[in-house]
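Only one structure is covered here, and it is reproduced in the block below.
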Amino acid sequence: MTINKIAYAIIVAGTVAAACEADASDLIIAPDAAIPSPWQVRLRALGAITNDSGRVGGLTGSDLSYSDSVFPEFDISYFFNDNIAAELILGTTYAKVHGRGSIAGLGEVGKTWLLPPTLMLQYHFTDFGAFRPYVGAGVNYTKFYNQSGNTAESLHVKNAFGVALQVGFDYMIDDHWGLNVDAKKIFLRPNFDANVGGNNVTGKAKLDPFLIGAGITYRF
């Protein structure tokens with residue numbers, strides 16, 4: 001009877017040990033099931049299409065327009081989880097300012113370079129396989145630099161904040177590389193000072209650009 005009890009105890013102990021080992025194996029992450037990195041970068045070619053509106057104070061019927069441009073854009077994203085990410089967008093370009101309406105005779109008033117870093121909070125949809133659309137909203141701060149006058153003796157566009165909206169998608173080729181299409185609308189209306197014909201004038205430039213881009217995505 002004692003031998004039978006010992007044998008039974010060994011069998012029970014072996015069964016329990018095997019069950020514990022099976023449960024522990026469920027907690028082990030397979031080496032090839034790597035957790036994706038939260039970091040992602042993109043490089044885009046970006047087209048800026050401005051709203052072409054503005055005014056010079058005290059000049060009835062005055063209006064302004066701005067040259068469109070194409071320039072490279074680099075952005076860095078951090079994913080808090082599969083759906084929520086923050087994206088910092090970096091790039092620089094320039095715009096020529098033209099008089100319109102009652103000041104159309106001024107032609108090209110001047111030129112300014114823009115540095116418009118934009119911070120977006122995004123929601124990424126994850127139910128479409130390799131196709132990953134997203135929407136975003138955020139804040140823009142545009143710094144104007146290397147400004148020069150043409151028909152205006154001087155031009156000074158003041159740095160300004162703006163609100164940004166975004167929609168786009170990534171199409172992932174594999175776990176790391178993808179293609180990106182993106183569109184943003186920035187509501188940007190800086191004030192400016194200028195000197196025209198010896199007279200100091202002020203006004204507001206309603207740039208409100210659409211930024212439309214395409215490029216590549218890399219997820220670390």
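Below, each value reflects all heavy atoms present in this structure, side chains not excepted, and no hydrogens, waters or symmetry copies.
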| query | Nearest 0.5 Å, what's the NZ-CG distance between K206 and L188? | reply | 13.0 Å
| remark: dist Q122:CD -> Q166:CD (nearest 0.5 Å) comes out at 4.5 Å
| Does T151 use its side chain to pair, donor to acceptor, with the backbone of E108 at less than 3.5 Å? | yes
| said: Measuring only between side-chain heavy atoms, which start at C-beta, is V163 closer than 4.5 Å to I186? | reply: no
| Quick one: are the ring centres of F144 and H156 less than 6.0 Å apart? | no
| Any side-chain heavy atom of M172 within less than 4.5 Å of one from R132? | yes
| What pair of heavy atoms forms the shortest contact from I49 to I212, and how long is it? | CD1-CD1, 4.3 Å
| Ignoring hydrogens and geometry, is there a side-chain-to-backbone donor-acceptor pair from S67 to K96 under 3.5 Å? | yes
| field | More than 12 heavy atoms of other groups within 6.0 Å of F71 CZ | value | yes
| said: Can you confirm whether more than 12 heavy atoms, excluding those of D175, are under 6.0 Å from its CG atom? | reply: no
| query | Under 3.5 Å, is there a donor-acceptor pair between the S62 and S102 side chains? | reply | no
| request: Determine the minimum heavy-atom distance between L90 and P117, stating which atoms define it. | output: CD2-CB, 4.0 Å
| task | Say whether Y134 and N180, considering side chains only, have a donor N or O and an acceptor N or O under 3.5 Å apart. | result | yes
| Transitively linked via ILVMFWY side-chain contacts under 4.5 Å: I84 with V135? | yes
| said: Any donor-acceptor pair under 3.5 Å linking the side-chain atoms of N195 with those of S154? | reply: no
| message | Rounded to the nearest 0.5 Å, what separates atom CZ in F169 from atom OH in Y171? | response | 10.0 Å
| After noting the C-alpha distance and the side-chain angles of R219 and D170, does the key distance pass the salt bridge (Lys or Arg N to Asp or Glu O under 4.0 Å) rule? | CA-CA 11 Å; R219 182 75 177 265; D170 292 303; over 6 Å; no
| field | Spacing of L59 atom CG and N199 atom CG [to the nearest 0.5 Å] | value | 9.0 Å
| query | After noting the C-alpha distance and the side-chain angles of N150 and V109, does the key distance pass the side chain to side chain contact (heavy atoms under 4.5 Å, CB included) rule? | reply | CA-CA 5 Å; N150 190 16; V109 177; over 6 Å; no
| Beyond-backbone contact of S65 with H98, side-chain heavy atoms, under 4.5 angstrom | yes
| query | If you take all heavy atoms of F192 and V157, which pair is closest and at what distance? | reply | CB-CA, 3.9 Å
| How far does CG of D182 sit from CE of M120, to the nearest 0.5 angstrom? | 8.0 Å
| request: Report yes or no: does K185 contribute a side-chain atom to a donor-acceptor pair with the main-chain N or O of L211 at less than 3.5 Å? | output: no
| request: For D75 and R44, run salt bridge (Lys or Arg N to Asp or Glu O under 4.0 Å): C-alpha distance rounded to whole Å, both residues' side-chain angles, the deciding distance at 0.1 Å, then the answer. | output: CA-CA 8 Å; D75 70 62; R44 301 186 183 105; 2.8 Å; yes
| said: Distance alone, cut at 3.5 Å: any donor-acceptor contact between the side chains of Y94 and N146? | reply: no
| query | With distance as the sole criterion, is a donor-acceptor pair present between the side chains of E87 and Q40 under 3.5 Å? | reply | no
| query | Can you name the side chain to side chain contact (heavy atoms under 4.5 Å, CB included) partners of Y218, sequence neighbours left out? | reply | V41, H176, W177, F220
| query | Taking the six-membered ring of Y141, is NZ or CZ of K143 closer than 6.0 Å to its centre and within 45° of its axis? | reply | no
| request: Answer with yes or no whether the side chains of N140 and T118 bring together a donor and an acceptor at under 3.5 Å. | output: yes
| request: Report yes if the distance between the aromatic ring centroids of Y123 and F125 is under 6.0 Å, otherwise no. | output: yes
| Under 3.5 Å, side chain of N81 to main-chain N/O of N83, donor-acceptor pair present? | yes
| message | Count I, L, V, M, F, W, Y as connected when their side-chain heavy atoms are under 4.5 Å apart, and connections chain through other members. Are L115 and I89 then in the same cluster? | response | no
| Under 3.5 Å, is there a donor-acceptor pair between the N191 and K204 side chains? | yes
| task | Verify the distance criterion only: is there a donor paired with an acceptor across the side chains of T50 and D52 at less than 3.5 Å? | result | yes
| field | Heavy-atom closest pair, residues S53 and D63 | value | CA-OD1, 3.6 Å
| said: Can you see whether F161 has R189 sitting over its ring - NZ or CZ less than 6.0 Å from the centre and within 45° of the normal? | reply: no
| Got Y66 and T112 here, is their nearest side-chain heavy-atom distance under 4.5 Å? | no
| said: Has T92 got a side-chain atom pairing as donor or acceptor with L114's backbone, closer than 3.5 angstrom? | reply: yes
| Distance-minimising heavy-atom pair for V196 and A152 | CG2-CB, 3.9 Å
